[in-house]
Amino acid sequence: MAPWPELGDAQPNPDKYLEGAAGQQPTAPDKSKETNKNNTEASVTKIELLPTYSTATLIDEPTEVDDPWNLPTLQDSGIKWSERDTKGKILCFFQGIGRLILLLGFLYFFVCSLDILSSAFQLVGGKMAGQFFSNSSIMSNPLLGLVIGVLVTVLVQSSSTSTSIVVSMVSSSLLTVRAAIPIIMGANIGTSITNTIVALMQVGDRSEFRRAFAGATVHDFFNWLSVLVLLPVEVATHYLEIITQLIVDSFHFKNGEDAPDLLKVITKPFTKLIVQLDKKVISQIAMNDEKAKNKSLVKIWCKTFTNKTQMNVTVPSTANCTSPSLCWTDGIQNWTMKNVTYKENIAKCQHIFVNFHLPDLAVGTILLILSLLVLCGCLIMIVKILGSVLKGQVATVIKKTINTDFPFPFAWLTGYLAILVGAGMTFIVQSSSVFTSALTPLIGIGVITIERAYPLTLGSNIGTTTTAILAALASPGNALRSSLQIALCHFFFNISGILLWYPIPFTRLPIRMAKGLGNISAKYRWFAVFYLIIFFFLIPLTVFGLSLAGWRVLVGVGVPVVFVIILVLCLRLLQSRCPRVLPKKLQNWNFLPLWMRSLKPWDAVVSKFTGCFQMRCCCCCCRVCCRACCLLCGCPKCCRCSKCCEDLEEAQEGQDVPVKAPETFDNITISREAQGEVPASDSKTECTAL
């Protein structure tokens, strides 16, 4: 145990922190240091430190590193139920009911904001999405069909909308089932962007953001990996087309009633007061209807009357008459009688934008901003309420119920039960985006683990296909067969993906990939936005552009890129598993420049850019808010609020306020090193404004 003189500048108080060792033998000092010690130091060597105040304990003792993926313990800091009096128990009971009502209310507006968000995306990019489908000749390229499915679903924020467009095109013979299957795979990828956007709302807390973003992107990785494997298999064998064709041919289906709208029965009365869309316009644009290009997606007339009547019309010749008895001429033109359909508008829709006559882009932008604000606010309040409710014993029971496996030997059945639960819940809410988006904040606050959220997400993929099958059974006769076959293709695609990436624990790559991305995004939070833009916009748009340029250009650019990616993955695998088989230079990535093997240089650039932007905004807001505050409260001119951010920073740089440390040390640098607040290399202390 080191004696005090070895600490240099430290000035101990022996009466408080040391205990005498008069009855003990003095420790023998090191011979190399005996010549440098005086009499005072020799007497101090007879005194030992208390173990609690040992510098070795403060500095050299290794600290345990917590696993960031462990669920946090939500401890109840309030008064226990047994310690409350009757009045306190009644108050606590009504507080619980109030929290439950608030939770349901915010959840309702959260789901409504998702619906409005989908409508906003359709107004902004719906016509563009329809134009993607309008050129049916390029759909024969399966890779192009895949990226079109991704882009269209991202633009309209609804896989059911993009799937319904595909069904309309197949039933109208504008598209074959074989060409439609890659589009369905792309729609499966595009629909997972919603819960990824929801995860960005929890960016404030690193630990919550790590879990929430990983829980959201596990859906992305499952869909991407499934497409990477199953799309080449489908192109080579057409197994999805063959299986679904056999099923459709073996049954004689009849038209059913409308598919059930369980959740929309609750949300539609509110959302239809905000905006109503005519979604047929997108389908008409996809089928090359020139008139639809000038129509607005905002629905104006909700009640119309259609009638047929006989009218006298002119025809080029008597051969065009409906019948010889209904054909005559006035010497100049030939006339006949035909049934003419006319449409009469009766009642306007009752929503906010019905009388504004704004362009679709303006309405979509307004709704996009408002829906994102409501979505963010509701999500924050849901997390706060859940954090206050799920504490102590309640949190323990919920965690054990959701995350605990069945007893041996039936533990393997737990995940499959979770898949069924996810499918059932998605069937109830009629949307996989709503279910996974509601699941994301629960993962973030630590109620559900990533390992349990993964099968629930897989179940939501199946649940949304059952909804599509029911909707297909309710289709009219001309679209029944094609819509049912496409819905079954979607179903068997998700089943095939589950068989690939779930039954064997070793193959559950989406969990490991999502955790890796969660760690990176928690450290560099800007990378989450970068991932969203790259994987859902830039890559699909790049592939789309190269495909339009021709297959030679696509192969010439794509093959080298794919080769480099495979080479990097193989090299990374060898570095982690068998580094000895590689040359010494290739055993790590140090031979590359720092910007190619690390995100730190990029983080410095992003931090500098955003920091400059934040500083200007902060100073502007600070001036306005602080001056308003001074006017209200009558602050003097020397008040801190009367100065802008730059003045405050200059004042802070001129101050030197020490941070409180144990009284054992008078040297600030040593004390802060002992507490682990600053590295040993830093000789300056941070200044804090009083």
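Between Met201 and Leu375 there is a side-chain heavy-atom pair separated by less than 4.5 Å. Residues Leu532 and Thr196 have side chains in contact (heavy-atom distance under 4.5 Å, counting atoms from C-beta outward). Within the 4.5 Å cutoff, no side-chain heavy atoms of Met185 are placed close to those of His490. Contact annotation: the side chain of Gln202 never approaches that of Phe213 to less than 4.5 Å [non-hydrogen atoms, C-beta and beyond]. Looking only at side-chain heavy atoms (C-beta outward), Ser250 and Leu246 stay at 4.5 Å or farther from each other. When side chains are defined from C-beta on, Ile462 counts as touching Thr465, because their heavy atoms get closer than 4.5 Å. Side-chain contact between Gln245 and Asp249 is present, with heavy atoms from C-beta onward closer than 4.5 Å. Counting only heavy atoms from C-beta outward, the side chains of Phe537 and Ile193 approach each other to under 4.5 Å.
Between the side chain of Glu234 and the backbone N or O of Pro182, no donor-acceptor pair lies under 3.5 Å. Under the 3.5 Å distance criterion, the side-chain polar atoms of Thr464 are left unmatched by any main-chain donor or acceptor of Asn461. Checking side-chain atoms of Asn519 against main-chain N and O of Lys515 turns up a donor-acceptor pair under 3.5 Å. Listed for the Arg508 side chain is no donor-acceptor partner under 3.5 Å among the backbone atoms of Trp501. Panel note: side chain Ser598, backbone Trp595; no donor-acceptor pair is recorded below 3.5 Å. Side chain of Asn188 to backbone of Ile184: no donor-acceptor contact under 3.5 angstrom is found. Side-chain atoms of Thr507 do not come within 3.5 Å of backbone N or O of Pro503 as any donor-acceptor pair. Thr449 places a side-chain N or O within 3.5 Å of a backbone atom of Arg452 that can act as its donor or acceptor partner. Panel note: side chain Thr244, backbone Leu240; a donor-acceptor pair is recorded below 3.5 Å. Of the possible polar contacts, one joining the Ser460 side chain to the Thr457 backbone as a donor-acceptor pair under 3.5 Å is found.
Closest heavy-atom contact between Leu225 and Met513: CD1-SD, 3.7 Å. Residues Ile242 and Thr237 share a closest heavy-atom pair of CD1-O, 3.7 Å. In terms of heavy atoms, Ile445 sits closest to Glu208 at CG2-OE2, 4.1 Å. Contact record, Gly497 with Leu230: N-CD1, 3.9 Å, taken as the closest heavy-atom pair. For the residue pair Ala214 and Gly518, the shortest heavy atom distance occurs at CB-CA, 4.4 Å. Of all non-hydrogen atoms in Gly190 and Thr153, the two that sit nearest each other are C-CG2, 3.6 Å.
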(request) Check the pair Trp589 / Val568 against side chain to side chain contact (heavy atoms under 4.5 Å, CB included), numbers first and verdict last. (result) CA-CA 10 Å; Trp589 299 105; Val568 170; 4.1 Å; yes
(request) Please step through side chain to side chain contact (heavy atoms under 4.5 Å, CB included) for the pair Leu439 and Asn195, ending with a clear verdict. (result) CA-CA 9 Å; Leu439 203 64; Asn195 57 325; over 6 Å; no
(request) Evaluate side-chain hydrogen bond (donor to acceptor under 3.5 Å, both in side chains) for Thr191 paired with Ser433, printing each intermediate quantity in order. (result) CA-CA 7 Å; Thr191 191; Ser433 298; 3.2 Å; yes
(message) Set out, in order, the CA-CA distance, both residues' side-chain angles and the distance that settles side chain to side chain contact (heavy atoms under 4.5 Å, CB included) for Leu599 and Lys523, then state yes or no.
(response) CA-CA 10 Å; Leu599 291 175; Lys523 187 175 182 181; over 6 Å; no
(request) Show your working on side chain to side chain contact (heavy atoms under 4.5 Å, CB included) between Leu538 and Ile533 and close with a plain yes or no. (result) CA-CA 6 Å; Leu538 290 186; Ile533 296 173; 4.1 Å; yes
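Tyr502 has its ring centre less than 6.0 Å from the ring centre of Tyr416.
Separation of atoms OG1 (Thr440) and CD1 (Ile443) is listed at 5.5 Å; rounding is to 0.5 Å. Rounding to the nearest 0.5 angstrom, the gap separating the CG atom in Leu554 from the CZ atom in Arg552 is 12.5 Å. Ile511 CD1 to Phe222 CZ: the interatomic distance, rounded to the nearest 0.5 Å, is 11.5 Å. A distance of 11.5 Å separates CD1 of Ile148 from CG of Leu155, quoted to the nearest 0.5 Å. Atoms OG and OH, from Ser521 and Tyr531 in turn, are 9.0 Å apart once rounded to the nearest 0.5 Å. A distance of 12.0 Å separates CZ in Phe110 from CD1 in Ile380, rounded to the nearest 0.5 Å.
Atom CG of Leu592 has more than 12 neighbouring heavy atoms from other residues, nucleotides or ligands inside a 6.0 Å radius. For Phe591, the CZ atom counts as densely surrounded, since its 6.0 Å shell holds more than 12 non-hydrogen atoms of other residues, nucleotides or ligands.
Ring pair Trp526/Phe530 is perpendicular by interplanar angle, where above 60° counts as perpendicular and below 30° as parallel.
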